[in-house]
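Taking it in order: structure first as structure tokens, then the write-up.
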Amino acid sequence: MLRASGADFVARFSDMRRVRSMRRQLPGYDPEIQRKMIDSGWFGLLVPEAFGGFGGSFADMAGLVEELGRGLVAEPLVASAVLVARTLAHCSESELTREQLAYLIRGDTALALAWQGPAGGLAFTEANVIAQMRNGAVVLDGAAYLVAGAGCAAAFIVFAQSDKGRGIYLVEKNQPGLAVTHEWRVDGTPMTSLALTAVELPSNCRLACGEQVTLALSRAVDETLVIVAAELLGVMTAAFELTLGYLRTRVQFGKPIGSFQALQHRMVDQYVQLRLASASIDDAVQVLDTHPSIEGDIRQRQLAASRVKARCSDAALKITREAIQLHGAMGFTDECDAGLYLKRALALSAWLGNASQHKRRYAALSYDLSVPGMGPCEATNRAALP
Amino acid sequence: MKKNWNDLPESEFRENVRQFILEYCPPNLRFPKRRLRWKEVKDWYFTLASAGLLAPTWPITFGGMGLSPSKTLAYLETMEVNGAPRLPDQGIINLGPLLIKHGNDEQRRRYLPRILSGEHIWCQGYSEPNAGSDLASLKTSAVLDGDDYVVNGQKIWTTWAHDATHMFALVRTDTSVTKQAGLSFLLIHLNQPGINVRPIETITGHPEFCEVFFDNARSHRSNLVGEVNGGWKIAKALLGFERIWAGSPRQAVSILAQLEHFARRSEKLEDASWRDRLVQLRLDVADLEALYGNFAETVRRGETLGPDVSILKLWATETCQRMCELMVDICCEIAPIQADVSRSSGVLPNDSSPIDAMTPFLDSRSFTIYGGSSEIQRNIVSKQVLGLPS
């Protein structure tokens with residue numbers, strides 16, 4: 001149902017010309033188009049009904065985002081409706097948090113989550129921003145990097161460490177002491193950094209604090225990883241179809257080049273990866289949808305998220321690299337769409353940890369290496385088969 | 001022990017089969033390192049037969065279990081995961097269902113009970129020295145002489161022909177037409193002077209298949225199944241189930257367990273570069289299981305499998321090979337030492353017997369060749385799934 005809405009959305013509002021025209025220009029997307037997403041209720045799709053959202057499933061969101069991925073839609077739905085929304089939903093004890101969730105769903109505020117260090121990474125226990133109390137106000141100092149979807153963010157949710165533990169703080173973009181800088185990713189979308197120098201906030205700008213914040217962020221990131229994997233599936237599928245079409249029509253040596261067995265076999269190998277990616281996403285959304293709590297079975301969730309992000313990142317890069325190659329010199333031009341898919345795959349495969357990083361996490365979780373003598377051997381994740 | 005197996009919920013069915021194996025299958029036969037010979041496995045065959053557990057897909061009226069496709073999968077999975085040894089099963093899996101569907105009453109009466117009793121052991125005679133991937137070009141001929149077909153030619157790669165009493169074969173009955181158009185499906189009994197069965201030693205060190213030479217061998221015309229020159233269609237009719245089984249993840253899961261066992265014993269897990277390669281394979285197996293699950297779901301829903309099922313065999317077999325390659329690599333300098341394969345010790349993966357990386361590695365080279373080579377599978381997917389031009 002939602003998948004069809006996504007496909008319809010792309011058909012009506014987005015084409016490659018639009019995608020190209022927004023590259024390397026702030027905000028990196030069209031707020032008018034994003035407004036249509038908001039009006040369709042997509043920003044509240046994963047927000048529980050109790051907080052005014054739709055209470056949809058990860059299966060729903062994955063299907064929708066996959067279709068948007070096919071269209072290379074640059075509006076930061078995933079950064080807002082998954083990463084930000086889910087972090088807030090998991091920390092919903094305060095009035096302020098619920099209020100921000102409501103704004104997000106309605107599109108009243110563009111919010112972005114700022115939590116990573118300069119090299120990225122998935123260390124939820126570290127924060128590069130310190131929060132201190134001074135004369136009844138909260139003062140933030142530090143920096144946050146690799147902030148996604150912040151091309152025209154009105155406010156940031158900043159992850160900071162205080163002597164009371166970790167917390168998330170709402171910082172508006174015009175706050176004195178906050179410097180926002182944008183860099184460009186290869187696909188022409190912005191990646192934002194924040195520098196905070198004695199940023200003074202009223203104490204009620206703290207949205208949440210304590211162990212729950214770490215758990216919430218950790219879960220929200222895993223959820224985002226799974227949805228990004230779905231977006232990667234869309235990107236790689238569209239690239240694969242583009243190449244298939246080209247192979248059928250491009251004639252050399254008197255034949256369509258798709259009749260050459262060597263190229264056929266390469267396409268089959270890409271197709272196998274595509275199918276594996278899709279199957280992996282099905283497994284991962286099932287894990288998320290059947291175990292919704294932030295505390296329950298964290299290991300299984302992290303395994304599922306790392307597995308699907310690794311598979312989809314590798315597969316998307318392989319398929320989009322091959323798309324360039326199989327288009328010949330045309331593939332190397334900006335005019336050819338193959339390059340657009342490759343660049344989006346490069347951006348998404350790296351976001352929140354690339355395939356190699358996630359395989360390392362998967363290995364650490366699988367082999368229980370911190371335990372001397374090693375833990376029991378668990379061959380697979382799938383409990384269904386005996 | 002006659003039950004209506006299809007009525008049981010799947011988990012209960014699996015548990016029933018598992019209990020039967022644990023109770024009745026001799027422990028030294030379980031998890032064998034190689035395919036067992038008839039003399040080693042026949043008592044287990046008879047045990048299954050008398051319990052009515054031998055022929056999962058045959059209708060109950062023919063002495064089978066009458067299982068649905070979904071329960072058949074469950075049966076095969078349970079057998080494999082509990083280490084039940086593979087039987088000489090060409091009669092059970094291939095010929096039986098084929099005769100039930102395409103044979104006549106006389107053929108069913110003559111042959112089906114003898115498959116169940118073990119009196120007849122069947123082998124499949126398709127490939128020839130000049131007809132492997134290009135099977136339809138096969139040349140073994142069958143010419144009518146009175147009431148008998150006279151058979152001349154040669155089959156090769158005939159699995160376990162040295163234990164078989166009978167062969168079902170594709171033979172050429174019309175040389176005026178080419179390829180599939182002139183082929184018939186003929187049943188031949190092997191114990192006659194005009195037939196010579198010669199085992200072929202493989203790189204693994206044990207003979208798994210044979211050459212079979214036909215020098216004016218004879219088979220009564222009543223042994224031709226279906227229409228004369230209609231053999232190709234019959235032979236292809238049973239491919240569906242075999243295709244999903246060829247891509248089953250159970251073998252990959254078992255090899256992964258072995259691989260991880262080796263990695264632990266040789267203390268390679270602490271090293272990041274070994275661990276990296278291992279975790280990739282772990283992911284590959286996990287995603288294979290997910291992919292298999294999708295196809296199994298199709299079977300469960302009673303739908304026909306499409307030609308895309310070929311990707312399952314591709315991924316399963318090539319992943320097994322990569323795992324065996326890593327096993328060899330992990331064993332480093334002791335890798336070339338090979339265990340004595342003539343002994344089949346019924347060992348579970350986590351034992352302390354000497355590491356043998358050679359046998360699984362050599363075994364695995366055939367996975368991408370038999371049952372439609374990887375190259376042929378890729379051709380099938382290119383043409384029938386991706387629609388690429390010829």
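The model shown is predicted, which means the values in this text are computed figures rather than measured ones. Chain letters run A, B, ... following the sequence lines, proteins first and then strands; every chain starts at 1.
- A donor-acceptor pair is defined here as one N or O able to donate and one able to accept, closer than 3.5 Å; no such pair exists between the side chain of Ser278(A) and the backbone of Leu274(A).
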Step-by-step side-chain contact (heavy atoms from CB on, under 4.5 Å) determination, Val65(A) to Met61(A): CA-CA 6 Å; Val65(A) 167; Met61(A) 184 58 107; 3.8 Å; yes
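- With respect to the salt-bridge test (charged N to carboxylate O, under 4.0 angstrom), the residues Arg3(A) and Glu66(A) qualify.
- For Gln264(A), the parts lying under 4.5 angstrom from a heavy atom of chain B are both the backbone and the side chain.
- Listed options Val272(A), Val308(A), Leu263(A) were ranked by heavy-atom pairs under 4.5 angstrom with chain B; first place goes to Val272(A).
- Chain B forms the most heavy-atom pairs under 4.5 Å with one residue out of Leu276(A), Leu247(A), Asp282(A), and that residue is Leu276(A).
- At a 4.5 Å heavy-atom cutoff, the contact between Leu291(B) and chain A is made by backbone and side-chain atoms alike.
- The choice from Leu259(B), Leu386(B), Val385(B) that makes the most heavy-atom pairs within less than 4.5 Å of chain A is Leu386(B).
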Chi angles and distances behind the side-chain contact (heavy atoms from CB on, under 4.5 Å) call for Glu231(A), Ile227(A): CA-CA 6 Å; Glu231(A) 192 176 349; Ile227(A) 300 301; 6.0 Å; no
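- Looking at Phe240(A), the atoms closer than 4.5 Å to chain B (heavy atoms on both sides) all sit in the side chain, from C-beta outward.
- With 3.5 Å as the limit, one finds a donor-acceptor pair spanning the side chains of Ser374(B) and Glu318(B).
- Contact of Asn82(B) with chain A is not made at all, since no heavy-atom distance falls under 4.5 Å.
- Ala310(A) touches chain B through its side chain: at least one heavy atom from C-beta onward sits under 4.5 Å away, while N, CA, C and O do not.
- The parts of Glu375(B) that come within reach of chain A are both its backbone and its side chain, each placing non-hydrogen atoms under 4.5 angstrom from that chain.
- The pair Asp308(B)-Arg275(A) meets the salt-bridge criterion, since a charged nitrogen lies less than 4.0 angstrom from a carboxylate oxygen.
- Judged by distance alone, the side chain of Asp289(A) and the main-chain N or O of Phe58(A) form a donor-acceptor pair under 3.5 Å.
- With a 4.5 angstrom heavy-atom cutoff, Gln273(A) touches chain B only via side-chain atoms.
- Comparing Lys359(A), Met267(A), His265(A) by how many heavy-atom pairs each has under 4.5 Å with chain B, the most go to His265(A).
- Here the NZ atom belonging to Lys71(B) is positioned 7.0 Å from the CZ atom belonging to Phe13(B), to the nearest 0.5 angstrom.
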